[in-house]
Structures are given as C-alpha cells and as structure tokens.
Amino acid sequence: MTTTPPPWPGDPLPERELELAAADRAVDALCRTRPEGGLLVYSGAAGIGKTSVLARVRARAAERCTVRSTRADPGTTAVPFHTARALFAPDLADTDGLAALLGPHRALAGPALGLTTPGEEPADPQGVQDALVALTARAARRHRARPLVLVLDDAHWADGESLGWLAALGPRLARLPLLLVVAHRPTEHAAEESRPHLDALGTAARLRVTLRALSPEAAAGLTRRALGTGADDALGRALWDATGGSPYELAELLARLREHPLDPGADQATAVRELAATVRGHRLADRLGGLGPDAARLAWAAAVFGAGIPLRLAASLAGLSPGRQATATGELRAARVLNPGDTVDFTHPLVAGAVYDAVPRSLRTTFHGRAAWLLTAEGHSPAAAARHLLEVHPDQDPALVEQLRRAAREHLAVGAPDAARRCLERALREPPEHHLRAHVHHELGCAALLTSPADTVRHLRTALELPGLDDTLRADATFRLAQALAHNQQMREASLSVAFAAATTEPGPERLRLQAAHFMYDAFRATEDDGPGRSRRLAQLADPLAGETNAERALLTLRAFDGMLRGENHTVVAEFCERALTDGHPAPGLGWTDTVWGFEYPCLAGITYAWIDELDRAEELFGEAVRAYEISGWSGGHLAFAHMLTGAVLRRRGRLAEAETRLRESLRLADRIGTGLPVHWDAVCLLVDTLLARGRTADAQRLAEARGFGPPYPDAMILPDAPSVHGRLLLALGRTDEAVAALEAASAMAERGRHNPVWAPWRRDLAGALATRDPERARALTRRLRVDAERFGTPTALGMALGCEAALAPAGAAPALHARAVAHLEESPARDELARARVALGLATGDRDQLHRGLLLARTCGADALAEQARSALA
C-alpha cells in the first residue's frame with residue numbers, strides 16, 4: 001500500500017532510531033540459524049508517525065525476509081476476516097501451494113478467507129480462529145528460506161475476527177519463524193469488541209513502544225532539510241508550536257511551504273498557525289471545495305467505499321463519467337488527498353476520516369445504500385454489502401431486511417457471530433414485517449448463543465412472545481433458550497421454560513423433545529424440588545420404550561443416567577443405555593455435532609457407562625466426541641467438554657497422571673471462551689479429585705483456591721459430586737471439623753434419591769472422619785454404604801464399600817474384609833482403588849507381597865503418596 005512520502009526522502013526518520021533498532025533486532029533474531037519469532041507493537045496518536053515507522057521496518061525487513069503487509073481501514077472494520085485476507089493475499093493467490101497452505105483446515109479457513117463457499121451450518125468461531133493460527137504456522141514454515149514478516153498498520157480499525165486470530169497467534173510466535181509487527185492508535189479508538197484483542201497483543205509483545213511527538217529540535221532539523229539551510233530556527237519553532245510535534249502535520253505543512261513559500265514580510269507564527277489549521281479536522285476537508293464539485297463527490301464516494309475498492313466504482317457512486325473521473329482523480333492526487341493507483345487509497349487515515357465526516361449526512365446514507373447495490377451488482381455476496389446496509393436509515397424496507405438476514409447467515413457460516421448479530425440487530429430496526437419479527441429475534445438469539453447467553457435469552461424470549469413461529473421453530477427456540485439459561489447457570493429457569501412449552505405443545509415429536517429436555521434440566525439441577533418424583537415419572541414414561549425414534553432414545557438415555565445416579569443395579573442401567581444407542585453409537589440426529597437434540601444425550605450415555613464400570617464403552621464414546629469436534633472444527637466449549645469427559649474416564653481407570661494432563665487441557669480450552677462455565681466446574685472438580693488421588697494435596701488446594709472451588713456451588717450439577725470432593729480436600733488438609741460439615745452437606749444427594757456410592761462417596765469419607773469421634777455413626781454409615789454398593793453391584797462400588805468397612809472393623813475382622821475388597825477390585829477397571837486395597841491389605845496382615853504389588857500398581861497409576869506409603873512399609 002502506498003503512502004505519502006515524507007519531505008525528507010532517504011533520510012533517517014528523526015527521533016525514531018530506538019524504535020527502528022528494536023525492529024532490526026527482531027529481524028536479526030528471525031534470520032538466525034535457529035529462528036526466533038516475535039511480536040512488536042507500536043502505538044500512538046493519529047499522525048504520530050506509525051505508518052512511516054512501519055514503512056521503514058518493511059523496507060529493512062524486505063532485504064532478508066518475505067514481507068506481507070496491509071493497513072486496516074474504517075470501512076472494513078465490520079467485514080469479518082478482511083484483514084486476514086489482505087495479509088495473506090499473495091499466498092492465497094498462489095494456486096499451486098494453496099492446498100498445502102490450507103492443509104486439513106480447508107473447510108474452516110477456506111470460507112473465512114473467501115476461497116471456498118461456506119456450508120449451510122454455522123462454523124465454530126473458535127475452530128475458525130484455530131484454523132487460521134494453524135494456517136499461519138504452515139505459511140511461516142513454508143517461507144523458512146526468507147522468513148515471514150507480517151506487518152499490520154492501523155490495527156485499531158481491523159475487523160474483530162482478524163484481531164482475535166492475531167491475539168491467539170501472539171503467544172505462539174516465539175516458537176514460530178514469524179515476526180508480527182502491529183501499529184495502532186490508543187485502544188479507546190478501537191471498537192469495543194476489539195479492545196481486548198489489542199490488549200492481548202500488547203501483553204504478548206516482546207516490545208511495546210509508544211511513539212511520542214517530535215521535539216522542537218527535530219522540527220527545526222526537518223524544516224532545514226525540506227526548505228533548505230536558509231530556513232531559520234524561528235520558523236522551525238513556529239511549525240512545532242502549530243503542530244505539537246505531529247510528524248504528519250509537520251510533513252503536510254512543509255510540503256505546502258515548499259510549493260507556496262511564506263511572504264518574507266509576513267508574521268511567520270501567525271501564517272504558520274493559519275496554514276496548520278488547513279491540515280487537520282474539518283478545515284482539511286475544506287480543501288476539497290477549491291477543487292470543484294466532481295473532485296468533492298469522488299472524494300466523498302471514495303471515503304464511503306473505503307480503501308481497496310476500484311476507483312471506477314467510486315466514480316459510479318459519485319455519478320461521474322470516465323472522463324470526469326480522470327480529471328477529478330488528478331485533482332485529488334495533486335491536492336494530496338488520494339495516492340496514485342486504480343483503487344481507493346487516501347494519503348493518510350486522517351484525510352480519509354476528515355473527508356468521510358465532511359459528507360453531508362443525508363448524502364452519506366444514500367451513498368451507503370447505493371454502494372451496497374453496486375457491490376451486489378458486481379457479484380459480491382450479501383455479506384460484502386452488509387457493512388453499507390448497516391449505515392442506511394431505517395425505512396421499513398422488506399428487501400433490506402432480507403439482505404441483512406442473508407448476510408447474517410453468511411457471517412455465521414464463516415464463524416463470525418458478532419458480524420451476524422450486527423446485521424440482525426440492524427434488521428430489527430428497519431423493522432421487519434410483522435409476521436417476520438419473531439423469526440429475526442429467533443435468528444438473533446441463535447447467533448448470540450456462543451458469545452452472549454444473556455442476549456440469547458432476551459431475543460429468544462421475545463421470539464416466543466411474538467406470533468409467527470410454527471411448532472418446529474417454537475420448539476427449537478425454546479430448546480435453545482433452555483441451553484442458554486443452562487450455560488448461564490440458570491438450571492431452574494431452563495427446566496421451567498421447556499416444561500411450560502411442553503405443556504402447551506400438541507402431542508408429537510416436538511412435544512417429546514421438550515419433555516426430554518425438561519427431564520434433563522431437572523436432572524442437572526443441584527437442588528431439585530422432587531427428585532424421587534421426577535425419577536418415577538421418567539421411569540413410567542421411558543421404561544416401556546424400545547428406542548425406535550430419537551425422542552425415545554433421548555428419554556432412555558435420561559433414564560439410564562438417572563438410574564446410575566440413583567444407584568440402581570448396573571446391569572439394568574446398562575440395558576437402558578443399549579436401547580438408547582444404535583449398535584453402541586449415537587443414532588443419526590443424536591450425534592456429537594447434531595444441533596437439533598444437542599450433544600448432551602450422547603454425553604450422558606458416556607457418563608453413565610463411566611460410572612457403571614463400563615469404561616471401554618465410555619472411552620469409545622468420548623473418543624468419538626473428540627474426533628468429531630476436531631474434524632468439524634468445534635474447538636470451543638464442546639471440545640473442552642470432550643477433553644474433560646475423556647479425563648473423567650482416565651480418572652476412573654486410575655490413570656491419574658494422564659487424567660491430570662487431559663483435564664488441564666480441558667481447562668485451557670475452556671478458559672478461551674469465558675469463565676465460570678459448567679465445563680470449568682466439572683474440570684476443576686475432577687482435577688482436584690485427581691490431585692488428591694495422587695496425594696498432591698497442596699496442588700489441589702492451590703487449584704481450588706485459584707478457581708473458587710467450594711461452596712456456594714452453582715445450581716448446575718457438577719461431575720462428580722462437588723461437596724464430596726471438597727469434603728475430601730478438607731480432610732486431606734487436616735481441617736476435620738470443616739470436612740465433616742461439608743460431607744454432611746453432601747448427604748443431600750441421598751435425600752434426592754441418589755445413592756450411587758462411587759459418584760458421591762461422601763459416606764466413605766464421612767465414616768473415616770467420624771471413626772474416633774462417633775464410632776456408632778461411622779458404623780451406620782458403612783452399613784448403608786454396603787447396602788448401596790450391593791444394590792448397585794459394580795466391582796468398584798463393592799470393593800470401595802468393603803475397604804471402608806475393613807478400615808473401621810476390629811483388628812481380627814479387618815484382614816478378611818480387606819481381602820474381599822481386593823478380590824472385587826481385581827474385577828474393577830479402577831486400578832488406583834485396587835492399589836489402595838492391596839496396600840491396606842498388606843498393612844493389615846504384614847503381607848509383603850501385597851505391599852509390593854500395591855507399590856508397583858500405585859506407581860503405574862501415578863498415586864505418588866500411596867506408593868510412598870507402601871515403600872515406607874516395605875522398608
């Protein structure tokens with residue numbers, strides 16, 4: 001992109017030596033035998049010289065590197081991924097290497113970069129961002145011979161989607177042969193959604209430089225270079241006083257003075273102040289008045305279109321013939337408004353902004369409307385024209401509403417929900433015809449689902465209150481409303497919303513879908529009003545079902561999950577799971593990436609398998625989830641949840657070190673999309689549980705404190721039972737009184753009819769805490785634990801119950817109970833529980849073989865404290 005050359009071509013930039021030296025050092029590091037990438041950020045006010053600094057950085061880097069650069073423009077801030085496309089334009093034009101550049105992420109990165117047609121379904125924004133990060137890494141490795149330097153000027157005007165990609169790229173740059181150089185104004189000049197991305201870039205930068213105004217001495221030196229050695233210091237000081245040391249304004253004034261020197265007899269300071277007023281604000285745009293109406297209209301049209309648009313389109317918008325366009329273009333170039341070229345390219349963003357502000361308001365909206373029409377006529381998509389439609393005055397135009405709705409669908413399909421939201425909000429202001437208002441609110445609610453649950457709730461509730469939705473759309477709106485409420489930790493409201501809709505929907509598939517959702521969200525609640533009653537109603541509805549439709553399969557899944565929590569016999573629970581699946585897999589329409597029913601149903605089937613000792617089945621289901629999300633590019637909350645579930649299976653197997661790794665990855669993925677989400681609570685609870693099983697109590701305590709794990713808990717049920725895990729943490733810390741209180745609170749699970757002793761093992765831990773304080777209560781707890789375990793019937797439950805009973809039994813009875821616990825746990829997939837039982841048996845009997853076998857198994861599991869206990873006993 002060309003820019004106005006300074007009046008001192010070829011000379012060093014005054015007072016920018018340190019800033020340029022920093023770039024030189026970064027390029028040197030990039031060109032080493034072992035390249036070191038990085039990020040440089042230059043910030044400063046408008047006209048402070050950011051563009052001139054970047055021009056020198058580009059020129060110096062181009063001697064040794066491959067340089068890709070662009071300058072963002074206010075006209076493209078609302079165009080998703082525009083900056084990303086501009087930065088990679090030369091690489092994307094290389095058809096021979098394009099397939100390798102896109103790699104396995106073609107389906108996600110291709111539509112975002114305008115290379116392939118987007119699909120019908122919305123793309124996951126996090127997945128698209130990750131695809132662009134991966135594409136950038138491939139591009140960097142592809143240019144190893146001449147390392148890649150990406151330069152972005154005026155980043156405060158870049159679209160939010162591209163800034164999100166660059167912010168995600170920032171922390172990875174040190175490990176890539178890639179240098180990113182960014183310049184922007186102070187963040188308050190950026191769009192609100194872009195500010196966090198600019199802040200993240202600043203945090204990740206190896207160097208962040210704030211450019212300052214030039215000194216009076218620098219201004220005097222520049223004056224002598226531009227006007228000759230005869231220019232005195234007084235003129236230089238007058239120029240500095242008039243411009244405040246702004247390099248842009250100095251350059252403009254010096255260019256004027258070269259063309260029209262001051263009258264020797266004039267008061268220099270006054271003349272300079274008057275001249276300076278013409279290079280800023282509205283006075284800058286007044287210069288157009290002296291150029292004639294054609295030049296003014298062409299400049300206005302160019303400012304409305306924005307940079308990069310062919311000048312012929314701007315001339316068409318201005319109503320100029322080719323001959324008049326040529327004359328007007330020449331005048332604008334001579335007046336330093338436009339740079340040479342066939343596309344719109346203002347000499348400076350300040351010029352572009354001043355010209356745009358000078359367009360009469362009524363003409364501006366007319367121009368935006370015609371600009372959208374011209375782009376559409378040129379074959380551009382509704383999404384490309386949408387930024388102009390956003391600026392048109394509302395006028396009850398059905399065609400405009402339809403264009404905006406189509407543009408929103410295109411934005412969603414490339415992973416830009418914020419852009420879709422802007423289009424639909426503008427469509428509502430038009431407004432739509434009465435019978436379409438509910439549809440637009442429904443679409444807006446769905447568009448905001450991933451980014452703003454609160455907006456989703458508001459718009460979907462409005463859609464449901466308005467007429468116009470048929471039964472299918474009404475059920476869909478209700479289902480998504482419940483999802484948003486659940487995502488926002490409002491489980492009771494989620495349950496009530498689907499319950500009310502189910503009661504007012506005619507019998508049929510949609511009603512069954514809503515009924516299933518009602519049972520599901522009630523089951524997810526941590527403080528349900530009538531858990532046993534809900535379980536009875538669910539059993540009456542689901543037990544006779546054969547699983548022939550997805551509605552029946554959903555209900556059977558819920559029945560299996562509820563039976564697992566209630567501690568029903570595991571073989572009965574497994575039979576419900578079998579009926580809910582098709583050959584052991586989710587049925588079509590109920591899969592991990594199907595959006596009608598949601599991912600919750602296969603998730604619940606896998607969780608049920610994990611807690612009835614069918615861990616191979618659970619692992620297979622959750623492995624499918626990870627693969628499905630990675631293939632589909634769903635790398636946000638869904639992938640975080642899939643990793644958390646896989647970590648849960650590893651924890652249940654006793655592969656504690658692997659579980660810890662997987663759960664930390666789940667938290668990393670979840671942190672990218674927000675805080676306090678259900679997946680955070682689940683992953684933290686499981687991770688605390690895993691660290692305690694490893695004997696790393698201090699680590700568990702630090703995690704719990706850092707993540708706020710403990711009461712009060714959200715209304716959403718946490719996997720596994722959070723009060724039980726928190727009570728065990730308190731016990732491990734020696735805070736027995738607090739632990740007893742926490743474990744007593746966990747007994748609410750039993751009041752809800754949930755007696756699975758593995759999911760909520762509070763009785764085992766409470767019995768141990770009360771063993772010396774209240775032995776009779778402790779024995780009562782172990783007896784009930786044994787009853788629950790025998791009813792549930794899994795080897796893990798039986799082994800844990802017998803081990804608890806043995807720990808409290810008289811010395812003579814303990815060895816036999818420990819031996820029976822070992823026998824059951826040998827049939828269990830929970831290897832860490834078997835290791836614990838062997839060590840306990842060895843300690844009770846003095847059997848060194850059991851201690852040795854327990855030691856080896858504990859080491860294999862990663863149960864470090866248990867292994868040390870066994871080693872000490874053997875020593």
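Because the structure is a prediction, the values reported are computed rather than measured.
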Please answer whether the main-chain N or O of Asp199 pairs with a side-chain N or O of Thr203 as donor and acceptor at a distance below 3.5 Å.
yes

Nearest non-hydrogen partners of Glu433 and Pro398, listed with the distance:
OE1-CB, 3.9 Å

Taking Ala385's backbone N and O only, do any of them form a donor-acceptor pair with His380's side chain (distance below 3.5 Å, no angle check)?
no

Using every non-hydrogen atom in the two residues, find where Cys603 and Leu645 come nearest and quote the distance to one decimal.
SG-CD1, 3.6 Å

Tell me whether Thr504 contacts the main-chain N or O of Phe500 through its side chain, where contact means a donor paired with an acceptor under 3.5 Å.
yes

Should Trp592 and Ser632 be marked as a side-chain hydrogen bond (donor to acceptor under 3.5 Å, both in side chains) after you check the CA-CA gap, both sets of side-chain angles, and the distance that decides it?
CA-CA 10 Å; Trp592 294 101; Ser632 301; over 6 Å; no

Counting C-beta onward and ignoring hydrogens, is there a side-chain heavy-atom pair between Tyr601 and Met520 closer than 4.5 Å?
yes

Taking the side chain as everything from C-beta on, heavy atoms only, tell me whether Phe524 gets closer than 4.5 Å to Ile718.
no

Output, in order, the C-alpha distance, side-chain angles, deciding distance and verdict of side-chain contact (heavy atoms from CB on, under 4.5 Å) for Phe519 and Arg559.
CA-CA 9 Å; Phe519 282 117; Arg559 176 68 179 88; over 6 Å; no

With rounding to the nearest 0.5 angstrom, report the CG to CE distance, Leu639 to Met644.
12.0 Å

With a 4.0 Å cut-off on N to O distance, would you call Arg405 and Glu402 a salt bridge?
yes

The reported gap from CE in Met717 to CZ in Arg754 (rounded to nearest 0.5 angstrom) is 5.5 Å

State plainly whether the residues Asp418 and Arg421 are in salt-bridge range, i.e. N to O under 4.0 Å.
yes

Salt bridge (charged side-chain N to carboxylate O under 4.0 Å, His left out) against Arg480, all qualifying residues, sequence neighbours excluded
Asp476

Minimum heavy-atom separation for Leu389 and Ala372, please, with both atom names.
CD2-CB, 3.5 Å

What heavy-atom pair brings Ala109 and Leu132 nearest, and what distance separates the two atoms?
CB-CD2, 4.2 Å

Ile673 versus Gln126: any side-chain heavy-atom pair under 4.5 Å?
yes

Give, for atom NE2 of His156 and atom CZ of Arg185, the distance between the pair rounded to the nearest 0.5 Å.
4.0 Å

Check this for me, if you would: do Arg668 and Glu665 make a salt bridge, where the nitrogen-to-carboxylate-oxygen distance has to be below 4.0 angstrom?
yes

Hey, does Arg461 have a side-chain heavy atom less than 4.5 Å from the side chain of Leu485?
yes

Kindly indicate whether the side chain of Tyr521, heavy atoms from C-beta on, has any atom under 4.5 Å from the side chain of Glu600.
yes

Test log, rule side-chain hydrogen bond (donor to acceptor under 3.5 Å, both in side chains), inputs Gln490 and Asn488
CA-CA 6 Å; Gln490 296 173 272; Asn488 213 32; 3.1 Å; yes

Are the side chains of Trp611 and Pro720 in contact, using a 4.5 Å heavy-atom criterion?
yes

Would the distance check show the side chain of Asp159 and the main-chain N or O of Ser162 forming a donor-acceptor pair, the cut-off being under 3.5 Å?
yes

Could you check whether any side-chain N or O of Thr456 sits under 3.5 Å from a backbone N or O of Ala448, counting only pairs where one atom can act as donor and the other as acceptor?
yes

On the six-membered ring of Phe479, is Arg513 placed so that its NZ or CZ lies under 6.0 angstrom from the centre and within 45° of the ring axis?
yes

Show, in sequence, the C-alpha distance, side-chain angles and deciding distance for Trp681 and Arg707, and conclude whether the side-chain contact (heavy atoms from CB on, under 4.5 Å) test is met.
CA-CA 9 Å; Trp681 280 96; Arg707 294 286 182 162; over 6 Å; no

Taking Ala640's backbone N and O only, do any of them form a donor-acceptor pair with Ser666's side chain (distance below 3.5 Å, no angle check)?
yes

Donor-acceptor under 3.5 Å (Asp594 side chain, Gly591 main chain):
yes

Below 4.0 angstrom, N of the basic side chain to O of the carboxylate: do Arg474 and Asp471 qualify?
no

Backbone of Leu677 reached by a side-chain donor or acceptor of His680 within 3.5 Å
yes

Check for me whether the distance between the ring centres of Phe641 and Phe599 falls short of 6.0 Å.
yes

Quick check on Arg492: does its CZ atom have over 12 non-hydrogen neighbours (other residues, nucleotides or ligands) under 6.0 Å away?
no

Would you check if the side chain of Ser497 reaches a backbone N or O of Ala494 as a donor-acceptor pair within less than 3.5 Å?
yes

The test is salt bridge (charged side-chain N to carboxylate O under 4.0 Å, His left out); show your working for Arg426 and Glu430 and say whether it passes.
CA-CA 7 Å; Arg426 174 61 187 81; Glu430 188 61 14; 2.9 Å; yes

Can Asp562 and Arg537 be counted as an ion pair, charged N to O under 4.0 angstrom?
no

With the threshold set at 4.0 Å, does a side-chain nitrogen-carboxylate oxygen contact exist between Arg511 and Glu506?
no

As a quick check of understanding, evaluate side-chain contact (heavy atoms from CB on, under 4.5 Å) for Leu464 and His442, giving each step before the final call.
CA-CA 8 Å; Leu464 290 166; His442 176 232; over 6 Å; no

Please check if the side chain of Glu425 supplies one atom and the backbone of Leu444 the other of a donor-acceptor pair under 3.5 Å.
no

Drop me the distance from Asp470's CG to Glu510's CD, to the nearest 0.5 angstrom.
8.5 Å

Is the CD atom of Glu188 crowded by more than 12 outside heavy atoms at less than 6.0 Å?
yes

4.5 Å side-chain heavy-atom contact, Leu39 and Val41
yes

Got a sec, which pairs hit side-chain hydrogen bond (donor to acceptor under 3.5 Å, both in side chains) with one end in residues 381-397, sequence neighbours left out?
His368-His388, Ser381-Glu410

Run the salt-bridge test on Arg534 and Asp522 with the 4.0 Å N-O cut-off and return the result as yes or no.
no

Supply the atom-to-atom distance Leu166 CG to Gln129 CD, rounded to the nearest 0.5 angstrom.
9.5 Å

Check the pair Gln489, Asp715 against side-chain contact (heavy atoms from CB on, under 4.5 Å), reporting the backbone distance first and the verdict last.
CA-CA 6 Å; Gln489 306 285 10; Asp715 190 31; over 6 Å; no

Closest non-hydrogen contact found for Pro723 with Ala746 is CB-CB, 3.6 Å

Could you tell me whether Asp689 and Arg651 have a side-chain N and a carboxylate O separated by less than 4.0 Å?
yes

Between CG on residue Leu412 and CG on residue Leu424, distance to nearest 0.5 Å
7.5 Å

Heavy-atom nearest pair, Ala72 first then Leu152, reads N-CD1, 4.1 Å

Side chains of Pro586 and Leu621: does their closest heavy-atom pair fall under 4.5 Å?
yes

